Amino acid sequence: MDFDGGKRVFNRLGPNQQTDNRNQKVCFHWRAGNCNRFPCPFLHRELSAPANGTASSKRPYGFATDDQRSTMARRGGGGFNTWGRGGGGRGGNVLNNNVVKKDKICNFWVQGSCSYGEKCRYLHSWCTGGCFAMLTQLEGHQKVVSGIALPVGSDKLYTGSRDETVRVWDCQSGQCAGVIKVGGEVGCMLSEGPWMFVGLPNLVKAWNVQTSAELSLNGPVGQVYSLVVGNDLLFAGTQDGSILAWKYNAASNCFEPAASLQGHTSAVVTLVVGANRLYSGSMDKSIRVWNLENLQCLQTLTDHRDVVMSVLCWDQFLLSCSLDKTIKVWAATESGNLEVTYTHNEDHGLLNLCGMHDLESKPVLLCSGNDNTVRAYDLPSFAERGKIYAKQEIRSIHGGPNIFFTGDGTGEVRVWQWLADQSATTTPA
């Protein structure tokens, strides 16, 4: 169930713990993000856990215990976060001149008219944390970017939008190489082998990028919000709560209807395949687990209190995020059923999960929220290591080799590059 390259991770990747000669008390001004004392007599990090602490057998690889979870809930859900909540993060938003940066982009800076410069208390950057940097910005879409796909080995990037177009971008020049009018709002996109799939209202479009063949897969009722391939089947999550499946027939060069999975009572907005299972998240607040062999529902997970926006497989875990402001980590019990082993809380509804590895091959989880940000977490510790800001909600995230892409509500697509961990490469003078 790895999300990239089959690499397994067994070590906790939390921030380094260092000794500190200051008063062993955490500065509450620092926690609130407004400490102006320098030097401050109190700690600007959370206290370390006791050295002799033991983890429950149900909390593998650094996920929080029930005691840690309740502590995080009392603090507003950020026990592993860096920004203003402790954890000794890499990002930091205090400048050399001791100006504490607010967690918000400066509107005047965006317009190119901020007169405060480095003394401005608002951010003059689209990201913090120092682990990634923006390479370029792709402009052209007029509405929210709802799908991004980069075919393996291709020099073309495909982006879909609710402006009813798919744009093709040249990866070398960054220029738009073509605009395809698809006749409906794009709900999602998927690249699999030579095929590019686009979810539309009442339809899935399929293009063969090698032969230019175009097929239409009929059957969906309403908008197609999610697509995934598993066990030689193409699955589509639809607005009416159905999950439709097609199987490719090479002899007739078409996708034939194979099954219709029923059970959700509202739109299926996210799908993922892992460990011979299909996982579906829905606006009915549930996650369903399906057997890929017989397509029967094995379990229904109902721990989320709002729309399940995204599901992701990582190692032997299932991760899910919801508008209920939580990321949940699910693990299999001895019976084979999934149960929540850790809940990470945030202050805003969560929209999308994307897993990848950084330049040091460390697993990173990107999570977008309806506060117009994407947070980057180390896994499995959930230590926050960076943040991306946007003008509107980021609805699409797609990983590539050493780079990744984000698409927001304004129609902007941004290309990001992973940076080397400076703390690991810097040597004393």
Side-chain angles (χ1 to χ4, degrees), residues 33 76-78 81-85 89 91-93 100-114 120-148 159-163 185-188 225 269-270 306-310 312 321-327 344-356 364-377 382 384-399 404-417:
N81 284 357
T82 297
W83 177 255
R85 298 173 180 173
N93 290 291
V100 179
K101 290 289 186 181
K102 295 184 180 295
D103 191 17
K104 183 179 179 182
I105 295 291
C106 174
N107 291 329
F108 294 101
W109 172 76
V110 172
Q111 300 168 8
S113 59
C114 182
C120 182
R121 289 187 174 273
Y122 295 94
L123 295 172
H124 284 197
S125 173
W126 291 112
C127 63
T128 58
C131 55
F132 35 64
M134 188 172 72
L135 283 179
T136 190
Q137 183 169 296
L138 309 178
E139 298 180 339
H141 285 300
Q142 302 303 309
K143 293 184 179 180
V144 58
V145 177
S146 48
I148 303 175
T159 60
S161 168
R162 291 182 184 170
D163 65 7
E185 293 188 357
V186 175
C188 56
Y225 288 112
V269 296
T270 178
D306 209 329
V307 177
V308 179
M309 295 296 293
S310 185
L312 173 72
C321 75
S322 165
L323 294 181
D324 67 7
K325 307 178 184 180
T326 69
I327 301 173
H344 177 84
N345 296 278
E346 279 296 345
D347 296 327
H348 302 275
L350 304 176
L351 305 175
N352 200 353
L353 298 175
C354 181
M356 62 190 71
V364 181
L365 177 69
L366 300 181
C367 179
S368 64
N370 58 17
D371 60 343
N372 304 344
T373 70
V374 173
R375 290 172 170 82
Y377 301 104
F382 270 89
E384 186 180 304
R385 60 184 294 183
K387 188 183 292 187
I388 290 172
Y389 301 83
K391 296 176 182 177
Q392 291 186 20
E393 294 175 350
I394 291 178
R395 290 284 182 166
S396 300
I397 310 174
H398 185 79
F404 59 95
F405 310 88
T406 59
D408 69 15
T410 69
E412 292 181 350
V413 177
R414 289 178 177 169
V415 186
W416 303 87
Q417 180 182 32

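Keep in mind the model is a prediction, meaning the values are calculated, not measured.
In this structure, CZ on Arg375 lies 12.5 Å from CG on Leu366, to the nearest 0.5 angstrom. Taking CG of Leu350 as the start and NE2 of His344 as the end, the distance is 7.5 Å to the nearest 0.5 Å. Between atom NZ of residue Lys387 and atom CG of residue Asp371 there is a gap of 6.5 Å, rounded to the nearest 0.5 Å. We find the CE-CG distance between Met309 and Asn370 to be 9.0 Å, quoted to the nearest 0.5 Å. Cys127 SG to Phe132 CZ: the interatomic distance, rounded to the nearest 0.5 Å, is 6.0 Å. In this structure, SG on Cys367 lies 11.0 Å from CD1 on Ile394, to the nearest 0.5 angstrom.
Put simply, the side chain of Ser146 never gets that close to the backbone of Cys188: no donor and acceptor are under 3.5 Å apart. Without hydrogens or angle criteria, Ser396 side chain to Gly407 main chain gives no donor-acceptor distance under 3.5 Å. A donor-acceptor contact shorter than 3.5 Å is absent between the side chain of Glu384 and the backbone of Phe382.
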**Message:** Could you walk me through whether Phe404 and Ile388 satisfy the side chain to side chain contact (heavy atoms under 4.5 Å, CB included) test, starting with their C-alpha distance in whole Å, then the side-chain angles of each, then the deciding distance to 0.1 Å, before giving a yes or no?
**Reply:** CA-CA 12 Å; Phe404 59 95; Ile388 290 172; 3.6 Å; yes
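Applying the side chain to side chain contact (heavy atoms under 4.5 Å, CB included) test to Thr136 and every residue at least two apart in sequence or in another chain returns Leu138, Val415. Residues forming a side chain to side chain contact (heavy atoms under 4.5 Å, CB included) with Glu139 (at least two apart in sequence, or on another chain): Gln137, Glu412. Partners of Thr406 under the side-chain hydrogen bond (donor to acceptor under 3.5 Å, both in side chains) rule, at least two apart in sequence or in another chain, are Trp416. Legend: residues meeting salt bridge (charged side-chain N to carboxylate O under 4.0 Å, His left out) with Arg162, ordered by chain and number and at least two apart, are absent. In this structure, the side-chain hydrogen bond (donor to acceptor under 3.5 Å, both in side chains) partners of Thr410, at least two apart in sequence or on a different chain, are Asp408. Checked against side-chain hydrogen bond (donor to acceptor under 3.5 Å, both in side chains), Thr159 has the following partners two or more places apart in sequence or in another chain: His141, Trp169. Under the ring pair (Phe, Tyr, Trp, His ring centres under 6.0 Å) criterion, Phe405 pairs with no residue, sequence neighbours left out. With sequence neighbours left out, His124 forms a ring pair (Phe, Tyr, Trp, His ring centres under 6.0 Å) with Trp109. With sequence neighbours left out, the side chain to side chain contact (heavy atoms under 4.5 Å, CB included) criterion links Ser310 to Thr270, Cys321, Asn352, Leu353. In this view, Asn372 satisfies the side-chain hydrogen bond (donor to acceptor under 3.5 Å, both in side chains) rule with no residue, not counting sequence neighbours. Asp163 is linked by a salt bridge (charged side-chain N to carboxylate O under 4.0 Å, His left out) to nothing, counting only residues two or more places apart in sequence or in another chain. Asp306 meets the side chain to side chain contact (heavy atoms under 4.5 Å, CB included) test with Ser322, Leu323, Asp324; sequence neighbours excluded.
In this structure the side chain of Val374 reaches within 4.5 angstrom of the side chain of Ser368, judged on heavy atoms.
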